[in-house]
Amino acid sequence: MQIDFQGSGLQGARPPPDADRQRMMWINADRVLYLGLLGEPTVRCFGGFSVYLSLRGTHRICVDGGDWQDCAVSVVPPYVRHRIVSGERMICNLLVEAETVDVAALPAHLRAGRGAVDAPAALQRMREALDILRRADNRRYASTAAFDEAFFGAPLRTRALDARVQAVLDRIKSDPNGHVSAQECAVAAHLSVSRFLHLFKAETGSPFRSFRTWQRARSLLYYVTQSSNLTDIALDAGYPDSTHFSHSIRQVYGLTPKSIFAGSRKLALYASGAGVPRLGYH
DNA sequence: GTCCGCAGAGAGAGAAACAA
DNA sequence: TTGTTTCTCTCTCTGCGGAC
């Protein structure tokens, strides 16, 4: 396969293959790229468009209680429960935050995908982008647009949102582990709580609480390489105690926090841009 | 079209108990 | 001591009718 490093969007990309540095995660406020162990998750439910990509073979996926499907690439819409198993230990998972994109303008396989996807060209592009990334010296994308360019062929068009809702989104995403209530947001938006909740759902496509829960669970990804105990990490991530932490994380990722951290020990983490939570223990 | 308020249903948060 | 499970209560979601 011919790999073109020009225009890949990678900062300082060059091709030194190194099998020991394969497990990695790149994350910013709008996108996540995870390349690592899948484990044995039960039902999971992410708040963004989720793309699973097998590295060589295939995986099996079951979306919203439907039939199991065998495929190399699959897509799960935001807030849809699904299960996944793979014959390979490693898997690639891309996450596109739903509120950051104009759904109508998404590539067809993302927009309409629900489980296995038959999109050979998209599969080849994503595998090539992944290959470039795995060979790169500095695995950071300069921007969300550069990430989109690499994996989807072009920057994904952003969604135009109501300014009041956008302000709330910015507030939550800039500090996902801070607790902000619907009432506070409604006051800030100069709306009643009822009206705010309706408007939020209409604009973003997801309920306020679901979005807040997802953002908090998502912020866990910034901590997965830390070696502190889970209680400290739960508090840092904005959970009142390890009870909620364990419960919420299992609902989102289908794995216990313990197994997530165990599987992330050798993971190289590349975080950038807004949304990186404040680190530091209580 | 935008906004408000009500009410029933359901999910999330908090407390306690249990297991390793 | 740490992490997980279970149970109960509170808060949020959502559909609806109505006012402006």
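Sequence lines set the chain letters: A, B, ... in the order given, protein chains first and strands last, and positions in each chain run from 1.
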(message) When you measure from the side chain of A:Ser54 to the backbone of A:His59, do you find a donor-acceptor pair of N or O atoms at a distance under 3.5 Å?
(response) yes
(message) If the test is ring-ring contact (aromatic ring centres under 6.0 Å, His included), which one of A:Tyr141, A:Tyr270, A:Tyr222, A:Tyr34 qualifies with A:Trp26?
(response) A:Tyr141
(message) As a test of reading the structure: which of B:dC3, C:dT4, C:dC13 is closest to the side chain of A:Pro257, going by heavy atoms?
(response) C:dT4
(request) For residues 89-118 of chain A, pull every pair meeting salt bridge (charged side-chain N to carboxylate O under 4.0 Å, His left out), keeping only residues two or more places apart or in separate chains. (result) A:Asp64-A:Arg114, A:Glu97-A:Arg218, A:Glu99-A:Lys173, A:Asp102-A:Arg157
(request) Treat primed atoms plus P, OP1 and OP2 as sugar-phosphate and everything else as base, then score nucleotides 15-20 of chain B 5' to 3': B for base contact with protein heavy atoms under 4.0 Å, S for sugar-phosphate contact only, - for none. (result) BB----
(message) Who clusters with A:Trp68? Use side-chain heavy atoms, under 4.5 angstrom, across I, L, V, M, F, W and Y, and order the result by chain and number.
(response) A:Val85
(request) Report the residues that fulfil salt bridge (Lys or Arg N to Asp or Glu O under 4.0 Å) with A:Arg250, sequence neighbours left out, ordered by chain and then residue number. (result) none
(message) For A:Ser50, run the side-chain contact (heavy atoms from CB on, under 4.5 Å) check against A:Val76, A:Val80, A:Leu110 and tell me which one passes.
(response) A:Val76
(message) With a 4.0 Å cut-off on N to O distance, would you call A:Asp131 and A:Arg127 a salt bridge?
(response) no
(message) Taking ring pair (Phe, Tyr, Trp, His ring centres under 6.0 Å) as the cut-off, I'd like each qualifying pair that reaches into residues 150-169 of chain A, sequence neighbours left out, listed once.
(response) A:Phe147-A:Phe151
(message) When the axes are fitted on five pairs at both termini, how much does the helix from B:dG1-C:dC20 to B:dA20-C:dT1 curve, in 10° steps?
(response) 40°
(message) Please confirm whether the shortest side-chain N or O distance from A:Arg209 to OP1 or OP2 of C:dT12 is below 4.0 Å.
(response) no
(request) Answer yes or no: does a side-chain N or O of A:Arg195 lie under 4.0 Å from OP1 or OP2 of B:dG1? (result) no
(request) Only counting residues at least two apart or in another chain, list the ones meeting salt bridge (Lys or Arg N to Asp or Glu O under 4.0 Å) with A:Asp70. (result) none
(message) Any side-chain N or O of A:Arg212 below 4.0 angstrom from OP1/OP2 of C:dC13?
(response) no
(request) Kindly work out whether a path of hydrophobic side-chain contacts (I/L/V/M/F/W/Y, heavy atoms less than 4.5 Å apart) joins A:Val187 to A:Leu199. (result) no
(request) Just jot down the salt bridge (Lys or Arg N to Asp or Glu O under 4.0 Å) partners of A:Arg31, sequence neighbours excluded, or say none. (result) A:Asp148
(request) Send over the distance from A:Arg81 CZ to B:dA11 C1', rounded to a whole Å. (result) 12 Å
(message) Output the rounded distance in Å from CG (A:Leu220) to P (C:dG3).
(response) 13 Å
(message) Give me each pair satisfying salt bridge (charged side-chain N to carboxylate O under 4.0 Å, His left out) with a member in residues 200-214 of chain A, each pair once, sequence neighbours excluded.
(response) none
(message) Any residue in residues 196-204 of chain A with a heavy atom nearer than 4.0 angstrom to DNA chain C? Just list them by number, or reply none.
(response) A:Leu197, A:His198, A:Lys201
(message) On the nucleotide C:dT5, are OP1 or OP2 found under 4.0 Å from the side-chain N or O atoms that A:Arg250 carries?
(response) yes
(request) With the side chain of A:Phe208 defined as its heavy atoms from C-beta on, choose the nearest nucleotide among B:dA13, C:dC13, B:dC3. (result) C:dC13
(message) Give me each pair satisfying side chain to side chain donor-acceptor pair (under 3.5 Å) with a member in residues 78-87 of chain A, each pair once, sequence neighbours excluded.
(response) A:Tyr52-A:His82
(message) If I take atom CG in residue A:Leu255 and atom C1' in nucleotide C:dG3, what distance separates them, rounded to the nearest angstrom?
(response) 15 Å
(request) For side-chain hydrogen bond (donor to acceptor under 3.5 Å, both in side chains), just list the numbers for A:Asp162 and A:Gln166, CA-CA rounded to whole Å, side-chain angles, deciding distance to a tenth of an Å, and then say yes or no. (result) CA-CA 6 Å; A:Asp162 181 285; A:Gln166 185 65 61; over 6 Å; no
Just the table, please: protein N/O against nucleotides 7-9 of chain C N/O, every pair under 3.5 Å.
none

(message) Expressed as a whole number of angstroms, how long is the span from A:Arg216:CZ to B:dA11:P?
(response) 17 Å
(request) Please state how far atom CD in A:Gln251 lies from atom C1' in C:dT4, giving the value in whole angstrom units. (result) 14 Å
(request) Figure out the OH/C1' separation between A:Tyr79 and B:dA11, and round it to whole Å. (result) 14 Å
